[in-house]
There are 2 protein chains.
Amino acid sequence: MRKTLKDVAALADVSSATASLALNGHSSRVSADVIERVQRAAKSLNYQPNLLARGLRTQETKTIGFISDVVTTTPFAGQMIAGAQEHAWSKGWLLLLIDTNNNPSLEAAGIDALHQRRVDGFIYASMFHRIVKIPKGLVGRQVVLLDCTDEPKKSRVDSVIPNEYEGAMSAMRLLLSQGHRRIGHVTSREVGVATVERLRAYKNALAEAKIPFDASLVAYSASADAPDGYDGAVQIFANKKAPTAVFCYTDRMAMGVYEFAQENGLSIPRDLSVIGFDDQPFLANALRPALTTVRLPHYEMGSWASERLINLVNDEDSDSTKPMRNYLQCPLVERESVAPPGS
Amino acid sequence: MRKTLKDVAALADVSSATASLALNGHSSRVSADVIERVQRAAKSLNYQPNLLARGLRTQETKTIGFISDVVTTTPFAGQMIAGAQEHAWSKGWLLLLIDTNNNPSLEAAGIDALHQRRVDGFIYASMFHRIVKIPKGLVGRQVVLLDCTDEPKKSRVDSVIPNEYEGAMSAMRLLLSQGHRRIGHVTSREVGVATVERLRAYKNALAEAKIPFDASLVAYSASADAPDGYDGAVQIFANKKAPTAVFCYTDRMAMGVYEFAQENGLSIPRDLSVIGFDDQPFLANALRPALTTVRLPHYEMGSWASERLINLVNDEDSDSTKPMRNYLQCPLVERESVAPPGS
DNA sequence: GTGAAAGCGCTAACAT
DNA sequence: ATGTTAGCGCTTTCAC
């Protein structure tokens, strides 16, 4: 049978109250001798505290509800979850997972289910960087937003997102520093934080380098996959003056640009430098030549979300009066697809 | 304040025991009128049952402990988790997640943590198909193994794994049916269920077609990534008589074979047919031409693991006397990288 | 420094 | 058909 605190107490010949004190490190309130005896008893019985009972009593579960939209279709989800889970676990917390499939009623029911299990707080994760509306079931609770933010003005909760702009800036600056002056941008027509910010950086980096913006050098494709990158390359190279480098909205699009280059006898990086964005696992590093890109810090975002949430619950960050928005750096990952023009 | 069953009972003017009965669908034991009143009261108070209290009382939590080795480094983890989570959730169950990082002491502690939260059972997941030893903390508990099995002989628990052999068979049969007679196999030196079974299928399929086995047509590389596939292709093509098709151990290796083909002016599938294994997201379908491959049914395996475990806990599969090993089919995914030789 | 007792919110036996 | 009571296993006053 399963051992309870009472069993431990009996074996150590103390009351269960004392046993509780002894096991939970309230060393000031109980004699060293008793602590010793109780711990020995607990070990010998392989005592595992019942956290349901403790949670019922203390109103804390050391459990985080992790709510995500579509886990399955993105290669980054695992990293966010891993970051969140590993930090949580390092503090003795666990993650209770729910995937809403972007279905609002599933989401509401999922939040209820989490709440009924009395999670101490919620991580609300999006699988791509965007602005979300906080679900009704989450208002008034401890929440941190992961890879998304709520409405800028009425923001009521903390969030962690990638610094798209600076990431794109560092990509552009690398190209510029290598001497490129004609740089294309292959992006998607979809409007979102990422497309907008990365394009903005593209333009500003050009301005910084005193290079006039040339609209024919940016191509907007339908989506952001390899075929879209291929299409974008086709558009850009329809110009009289071909670019010597292209900054791609995603690594997948860069993959399409690689194909275009190959078909047209362009050697990367000799004839064309290519830089991506995302550092998508098993793609960016698998391309030949390996793709220089900007890494989205999914693991770190997940980790920060956990840390922040736990601090919030423990009331340790309450000094920070207003909700914070944490922009995490997207580090440049230099590999082999960038070189000076005509090298 | 948080509403309890007592509040609901008071509002509906019944005892909390009756309210409990009414809400939990024991319609035979309580009058229709009371059910109506109680449900109305619950709704108006937005009553959320405390599952800690219920669990403490009933000794069930409708929660599964999901233990995995390295979640983060594999693109398939998300699909296994999603499969498990979505099935569980369809039954009102949730997943409590722990990632052990392949560290035995972390694993033991993680199992304890799950156990302390009184999960009803465990899914023990491996991120690649292999034979595992059941951790001590799990023996005697409800467990199903996901993408792994325990020792064949002394098997004590259920498991779900991909049918590597049949999957590889169907890949080979496709090649054969297209008329290929000289087929290479690019694989890894690493010994595991997958390498062994896929190689076995390669040999048997050849035998089935009465094609003598030619050892110079199989290349063993150090690992299973794109560069290894490239290396393998180099080895195989060092033969006097080049193969017209290559069966690759993984999609990543197939990617390396693509590079080799490209560098050597071989057009896929005209000059060389290539078939992979895994159907790795964002890779197999992104290659040009899109890679024909065999899909590892990660989502379905996860889903089955959940289903089986829940049935086990509910004692609904107890009729099946001995532990079962469920081999899931790996479907052939036909895309564009296979054609008749010399077409 | 230690024990007795109450109570977290629920369900299940047992009365009525 | 409904109410009373006990108890799941823990923590936390409050006595002593």
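Every heavy atom of this structure was used, including side-chain atoms; hydrogens, water molecules and symmetry mates were not. In what follows, chains carry the letters A, B, and so on, assigned in the order in which the sequence lines appear, proteins first and then strands, with residues in each chain numbered from 1. If you're wondering where the values come from, they're calculated on a predicted model, not measured in any experiment.
Both key distances under 3.5 Å define a Watson-Crick or G-U pair, and stretches of 3 or more such consecutive pairs in DNA chain D run C:1-16 with D:1-16.
Set against dC10(C), dG3(C), dG9(D), the side chain of T4(A) has dG9(D) as its closest nucleotide. The listed nucleotides are dT11(D), dG9(C), dT2(D); the one nearest the side chain of A53(B) is dG9(C). Checking dT11(C), dT2(D), dC8(C) against every side-chain atom of V34(B), the shortest atom distance belongs to dT2(D). Proximity note for N50(A) (side chain, C-beta onward) versus dC10(C), dT4(D), dG9(D): the nearest is dG9(D).
A close approach under 4.0 Å does not occur between any side-chain nitrogen or oxygen of S15(B) and OP1 or OP2 of dT2(D). Here T58(A) does not reach the OP1 or OP2 of dT12(D): none of its side-chain N or O atoms lies under 4.0 Å away.
Using a 4.0 Å cut-off between a side-chain N of Lys or Arg and a carboxylate O of Asp or Glu, R117(B) and D112(B) do not qualify as a salt bridge.
Here R29(A) lies in heavy-atom contact (under 4.0 Å) with a base. As judged by a 4.0 angstrom heavy-atom cut-off over every strand, R57(B) is placed among the base-contacting residues.
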List the atom pairs, with distances to 0.1 Å, where a side-chain N or O of residues 134-150 of chain A and a protein N or O form a donor-acceptor pair under 3.5 Å, not counting sequence neighbours.
unit_1: R141(A); atom_1: NE; unit_2: G137(A); atom_2: O; d: 3.1
unit_1: D150(A); atom_1: OD1; unit_2: S155(A); atom_2: OG; d: 3.0
unit_1: D150(A); atom_1: OD2; unit_2: R156(A); atom_2: N; d: 3.1

Between side-chain atoms of residues 31-40 of chain B and protein atoms elsewhere (two or more places apart, or another chain), which donor-acceptor pairs fall under 3.5 Å?
unit_1: S31(B); atom_1: OG; unit_2: V34(B); atom_2: N; d: 3.3
unit_1: D33(B); atom_1: OD2; unit_2: R37(B); atom_2: NH1; d: 2.9
unit_1: E36(B); atom_1: OE2; unit_2: R40(B); atom_2: NH2; d: 2.4
unit_1: R37(B); atom_1: NE; unit_2: A12(B); atom_2: O; d: 3.3
unit_1: R37(B); atom_1: NH2; unit_2: A12(B); atom_2: O; d: 2.8

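For the pair Q59(A) CD and dC10(D) C1', the interatomic distance rounds to 12 Å; values are reported in whole Å.
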- request: Test side-chain hydrogen bond (donor to acceptor under 3.5 Å, both in side chains) on S126(B) and R130(B) and set out the steps.
  value: CA-CA 7 Å; S126(B) 167; R130(B) 62 190 171 111; 2.8 Å; yes
